**Q** 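Can you keep this structure in mind? I'll have questions shortly.
Throughout, residue positions are numbered sequentially from 1 according to the sequence presented. Remember, it's a predicted structure, so these values are computed and weren't measured experimentally.
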Amino acid sequence: MKYFIDKNDNNQIYAYENEVTDEQIKEGLTPISEEEFNTLINPPKSEEELLNEAKELKINEINTKKENILNGGFSFKGKIYQSSNEDQLRINGAVTNALVNPNLIPYIDWIALDNSTTRFSVEEFKLFASSMAYFIQQTIFRAKDLKEKIRNATSLEELNLITWED
């Protein structure tokens with residue numbers, strides 16, 4: 001390719017195939033290198049653009065970490081229990097059923113992440129469900145706080161110091 005710039009026409013740039021003869025090239029153009037051409041069509045990003053891109057990546061990283069934690073299970077009385085959105089719905093459904101039919105539900109069996117079964121009294125299960133809700137709330141708010149810090153970061157150095165510590 002042959003690259004040119006028209007300094008008389010608002011620095012308009014041109015690229016011609018190598019087979020093009022000099023007579024076919026627009027008059028008044030100044031030849032430039034391929035590197036100059038690439039710099040003109042893809043100018044380097046500003047510090048602000050680079051920081052905003054890094055912020056977006058960091059926010060995505062925090063969102064992924066949050067989802068992994070929410071789906072990775074929560075601890076209750078020394079056991080880990082499933083905590084995906086579907087598991088949360090099931091736990092809430094069991095609590096609702098126990099509250100609506102308190103005389104019909106003497107206990108609730110629940111399967112832990114290790115596939116063992118735990119038998120809960122209705123009162124214990126309500127505490128279990130409350131513990132899950134607290135775990136979810138704490139995880140979501142932790143992610144929210146970190147994302148707020150990311151949005152407020154004013155440099156890449158400051159941004160890189162923001163991490164999700166376990």
**Q** Side chain of Ser83, backbone of Leu70: donor and acceptor closer than 3.5 Å?
**A**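 Yes.
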**Q** Can you tell me if Lys65 uses its side chain to pair, donor with acceptor, with the backbone of Trp164 under 3.5 Å?
**A**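 No, the answer is negative, given that no donor and acceptor are paired below the 3.5 Å cut-off.
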**Q** Are Val100 and Val95 connected into the same hydrophobic cluster when the rule is that any two of I, L, V, M, F, W, Y join if their side-chain heavy atoms are below 4.5 Å apart?
**A**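 Val95 and Val100: separate clusters.
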**Q** Can you check whether Leu40 reaches Ile32 side chain to side chain, under 4.5 Å on heavy atoms?
**A**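 Yes, side chains in contact.
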**Q** Using a 3.5 Å distance criterion without hydrogens, assess whether the side chain of Lys55 forms a donor-acceptor pair with backbone atoms of Ala153.
**A**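 Side chain of Lys55 to backbone of Ala153, a donor-acceptor pair under 3.5 Å: yes, one is there.
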**Q** Could you state whether Ile91 and Val122 fall into the same hydrophobic cluster, counting links through intermediate Ile, Leu, Val, Met, Phe, Trp or Tyr residues with side-chain heavy atoms under 4.5 angstrom apart?
**A**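 Yes, Ile91 and Val122 fall within the same hydrophobic cluster.
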**Q** Verify, without hydrogens or angle tests, whether Asn10 (side chain) and Gln12 (backbone) share a donor-acceptor contact under 3.5 angstrom.
**A**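 Flag not set: sc Asn10 to bb Gln12 has no pair under 3.5 Å.
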**Q** What closest approach, in Å, do Gln24 and Tyr16 show between heavy atoms, and which atom pair accounts for it?
**A**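 Here Gln24 and Tyr16 meet closest at O-CE2, 4.1 Å.
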**Q** Indicate yes or no for a side-chain donor-acceptor contact from Thr39 to the backbone of Glu35 under 3.5 Å, with no hydrogens or angles considered.
**A**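 Yes.
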**Q** Between Lys58 (side chain) and Ile162 (backbone), is there a donor-acceptor pair under 3.5 Å?
**A**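 Between the backbone of Ile162 and the side chain of Lys58 there is a qualifying donor-acceptor contact (under 3.5 Å).
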**Q** Would you give the length of the straight line joining atom OG of Ser121 to atom CG of Leu127, rounded to the nearest 0.5 angstrom?
**A**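 The CG atom of Leu127 is 9.0 Å from OG of Ser121, to the nearest 0.5 Å.
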**Q** Evaluate the criterion salt bridge (charged side-chain N to carboxylate O under 4.0 Å, His left out) for residue pair Lys144 and Glu148; output intermediate values, then yes/no.
**A** CA-CA 6 Å; Lys144 176 196 165 293; Glu148 189 66 27; 5.5 Å; no
**Q** Counting distance only, does the side-chain N/O of Asn101 pair as donor-acceptor with the main-chain N or O of Leu104 below 3.5 Å?
**A**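 Between the backbone of Leu104 and the side chain of Asn101 there is no qualifying donor-acceptor contact (under 3.5 Å).
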**Q** Kindly compute the distance separating CG (Leu113) from CD1 (Ile111), expressed to the nearest 0.5 Å.
**A**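 Atom-to-atom, Leu113:CG and Ile111:CD1 are 11.0 Å apart.
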**Q** Nearest 0.5 Å, please: how far is OG1 in Thr64 from CD1 in Ile69?
**A**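 Output value for this atom pair is 11.0 Å.
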**Q** Show, in sequence, the C-alpha distance, side-chain angles and deciding distance for Met132 and Ile136, and conclude whether the side-chain contact (heavy atoms from CB on, under 4.5 Å) test is met.
**A** CA-CA 6 Å; Met132 178 211 50; Ile136 292 163; 3.8 Å; yes
**Q** Decide yes or no on ring pair (Phe, Tyr, Trp, His ring centres under 6.0 Å) for Phe76 and Phe125, but give the supporting numbers first.
**A** CA-CA 11 Å; Phe76 182 78; Phe125 197 79; 9.0 Å; no
**Q** Kindly say whether Asn38 contributes a backbone atom to a donor-acceptor pair with the side chain of Tyr3 at under 3.5 angstrom?
**A**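 Here the side-chain-to-backbone pair does not exist.
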**Q** Measure from the side-chain N and O atoms of Asn63 to the backbone N and O of Asn60, and report whether any donor-acceptor pair falls under 3.5 Å.
**A**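 Checked: no pair found.
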**Q** Relative to each other, are the rings of Tyr81 and Phe74 parallel, tilted or perpendicular (30° and 60° limits)?
**A**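 Answer is tilted, since the angle falls between 30° and 60°.
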**Q** Specify the closest pair of heavy atoms between Arg119 and Glu124, including all atoms of both residues, with the distance to one decimal.
**A**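 What the structure gives for the nearest pair is O-OE1, 4.0 Å.
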**Q** Say whether Leu50 and Ile150 are linked into one hydrophobic cluster, either directly or through other cluster members, by side-chain heavy-atom distances under 4.5 angstrom.
**A**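 Different clusters: Leu50 never reaches Ile150 through Ile, Leu, Val, Met, Phe, Trp or Tyr contacts under 4.5 Å.
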**Q** Please check if atom CD in Glu48 has more than 12 non-hydrogen atoms from other residues, nucleotides or ligands closer than 6.0 Å.
**A**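 Atom CD in Glu48 is not packed in, count stays at 12 or less.
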**Q** When rounded to the nearest 0.5 angstrom, what is the spacing between CD1 in Ile25 and CZ in Phe4?
**A**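 Rounded to the nearest 0.5 Å, the CD1-CZ separation comes out at 3.5 Å.
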**Q** Check this for me: Glu56, atom CD, are more than 12 non-hydrogen atoms of other residues, nucleotides or ligands nearer than 6.0 Å?
**A**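 12 or below, so no.
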**Q** For Phe120 and Trp110, what are the C-alpha separation, side-chain angles and deciding distance, and is it a ring pair (Phe, Tyr, Trp, His ring centres under 6.0 Å)?
**A** CA-CA 8 Å; Phe120 293 102; Trp110 209 257; 8.0 Å; no
**Q** Can you give me the closest heavy-atom contact between Ile108 and Ala98, atom names plus distance?
**A**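 What the structure gives for the nearest pair is CD1-CB, 4.1 Å.
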**Q** Does Asn160 reach the main-chain N or O of Leu156 with its side chain, forming a donor-acceptor pair under 3.5 Å?
**A**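 Between the backbone of Leu156 and the side chain of Asn160 there is a qualifying donor-acceptor contact (under 3.5 Å).
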**Q** Say you draw a straight line from OG1 of Thr21 to CG of Asn18; how long is it, rounded to the nearest 0.5 Å?
**A**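 Here the interatomic distance stands at 12.5 Å.
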**Q** Does CD in Glu49 sit with more than 12 non-hydrogen atoms of other residues, nucleotides or ligands closer than 6.0 Å?
**A**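 Correct, the count exceeds 12.
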**Q** If Ile, Leu, Val, Met, Phe, Trp and Tyr residues are connected whenever their side-chain heavy atoms lie under 4.5 Å apart, and connections chain through other members, are Met1 and Ile13 in the same group?
**A**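 Yes, same cluster.
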**Q** If you count every heavy atom of other residues, nucleotides or ligands that lies below 6.0 Å from Lys79 atom NZ, does the total exceed 12?
**A**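 Enclosed.
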**Q** Between atom CD1 of Ile80 and atom OG of Ser116, what is the distance when rounded to the nearest 0.5 Å?
**A**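 Those atoms lie 11.0 Å apart.
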**Q** Might you confirm whether atom NZ of Lys26 has over 12 heavy atoms from other residues, nucleotides or ligands at distances under 6.0 Å?
**A**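 It does: Lys26 NZ has more than 12 such atoms within range.
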**Q** Are Ile59 and Leu146 connected in a single hydrophobic cluster, I mean Ile/Leu/Val/Met/Phe/Trp/Tyr linked by side-chain heavy atoms less than 4.5 Å apart?
**A**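 Leu146 and Ile59: one cluster.
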**Q** Measure across Asn152 and Glu158 and return the closest heavy-atom pair with its distance rounded to 0.1 Å.
**A**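 Residues Asn152 and Glu158, closest heavy atoms: O-OE2, 4.1 Å.
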